[in-house]
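Some notes on the structure that comes next.
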Amino acid sequence: NAGVTQTPKFQVLKTGQSMTLQCAQDMNHNSMYWYRQDPGMGLRLIYYSASEGTTDKGEVPNGYNVSRLNKREFSLRLESAAPSQTSVYFCASSDPLRVNEKLFFGSGTQLSVL
Amino acid sequence: AQSVSQHNHHVILSEAASLELGCNYSYGGTVNLFWYVQYPGQHLQLLLKYFSGDPLVKGIKGFEAEFIKSKFSFNLRKPSVQWSDTAEYFCAVYNNDMRFGAGTRLTVKP
């Protein structure tokens, strides 16, 4: 059981380049999330998807787009990367219909924008 | 929008000292509350959670947290910390989405 799989693990971009971070979960979860983690700021929610076909902005959505391709996959796209987007990105999933609500995290993507 | 505040950015303790990490949240409705821990180089792991019932919840590794509704607080405690508790601790609140506090880095000196 793989859980939440994120790719790539590391990425270096130049300012203005674009890229897509991929996330897939095999737990049949309805909700998926993208967070960024920066020193001293904790995890900040970028976008989330409560169910297939829906997406909503979180705390820091500017400069990002997301796609909930199907129930398993939730991708995060940077159209024109900026140095301020240097961060560690985590995808997570959960099933809000279950009492045992908690997040399952991917292993993270370390992104550097030069 | 809901927000989560953690009062301490960095806490340094000696082994066997008692720990209390503060967490306050702003949302007034029904919330689910969590504490997560992140050990160096790893992703977040759930320590404990509160949904309803007894406001004193016990988690893994001897941690506990008390939900005080009137204070919008959910503080994390441990009576006696160990060197292996060195990590970053995050409080989180779930309503329609999951929001995290900025985290508290705990350093336990042997």
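Residue numbers start from 1 in every chain, and the chains themselves are labelled A, B, ... in the order their sequence lines are given, proteins ahead of strands. Everything quoted here is computed from the prediction, not taken from an experiment.
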Any residue meeting salt bridge (charged side-chain N to carboxylate O under 4.0 Å, His left out) with A:D38, in chain and number order, not counting sequence neighbours = A:R36, A:R44
Between B:H43, B:H10, B:H9, which residue shows the highest count of heavy-atom pairs closer than 4.5 Å to chain A?
-> B:H43
Check whether B:Y25 and B:Y89 end up in the same hydrophobic cluster, where Ile, Leu, Val, Met, Phe, Trp and Tyr are linked by side-chain heavy atoms less than 4.5 Å apart.
-> yes
In one Ile/Leu/Val/Met/Phe/Trp/Tyr side-chain cluster, 4.5 Å: A:W34, A:V88 = no
Can you name the nearest heavy-atom pair linking A:Y48 to B:D97, along with the distance?
-> CE2-OD2, 3.3 Å
Could you tell me which non-hydrogen atom of B:A102 sits nearest to which non-hydrogen atom of A:G40, and how far apart they are?
-> CB-O, 3.6 Å
Verify same cluster id: B:L48, B:F72 (apolar side-chain graph, 4.5 Å) | yes
From the list B:F100, B:Y36, B:F90, ring pair (Phe, Tyr, Trp, His ring centres under 6.0 Å) with A:Y35 holds only for B:F100
Answer yes if A:F10 and A:L21 sit in the same cluster of Ile, Leu, Val, Met, Phe, Trp and Tyr residues linked by side chain heavy atoms under 4.5 Å apart, and no otherwise.
-> no
Pairs involving residues 63-76 of chain B, ordered by first then second residue, that meet salt bridge (Lys or Arg N to Asp or Glu O under 4.0 Å) (sequence neighbours left out) = B:K58-B:E64, B:E64-B:R77, B:E66-B:R77
Side chain, backbone, both or neither: which part of A:L45 has a non-hydrogen atom closer than 4.5 Å to chain B?
-> side chain
Among the options B:Q6, B:Q38, B:E88, pick out the one with the most heavy-atom pairs lying under 4.5 Å from chain A.
-> B:Q38
If two hydrophobic side chains count as joined below 4.5 Å and joins carry through other members, does B:V4 share a cluster with A:V60?
-> no
Anything in residues 105-112 of chain A with a heavy-atom distance to chain B below 4.5 Å? Please list those residues in order.
-> A:F105, A:G106, A:S107
Answer whether the closest heavy-atom distance between the side chains of A:L43 and B:L44 falls below 4.5 Å.
-> yes
Applying a criterion of heavy atom separation less than 4.5 Å, what residues of residues 71-86 of chain A form contacts with chain B?
-> none
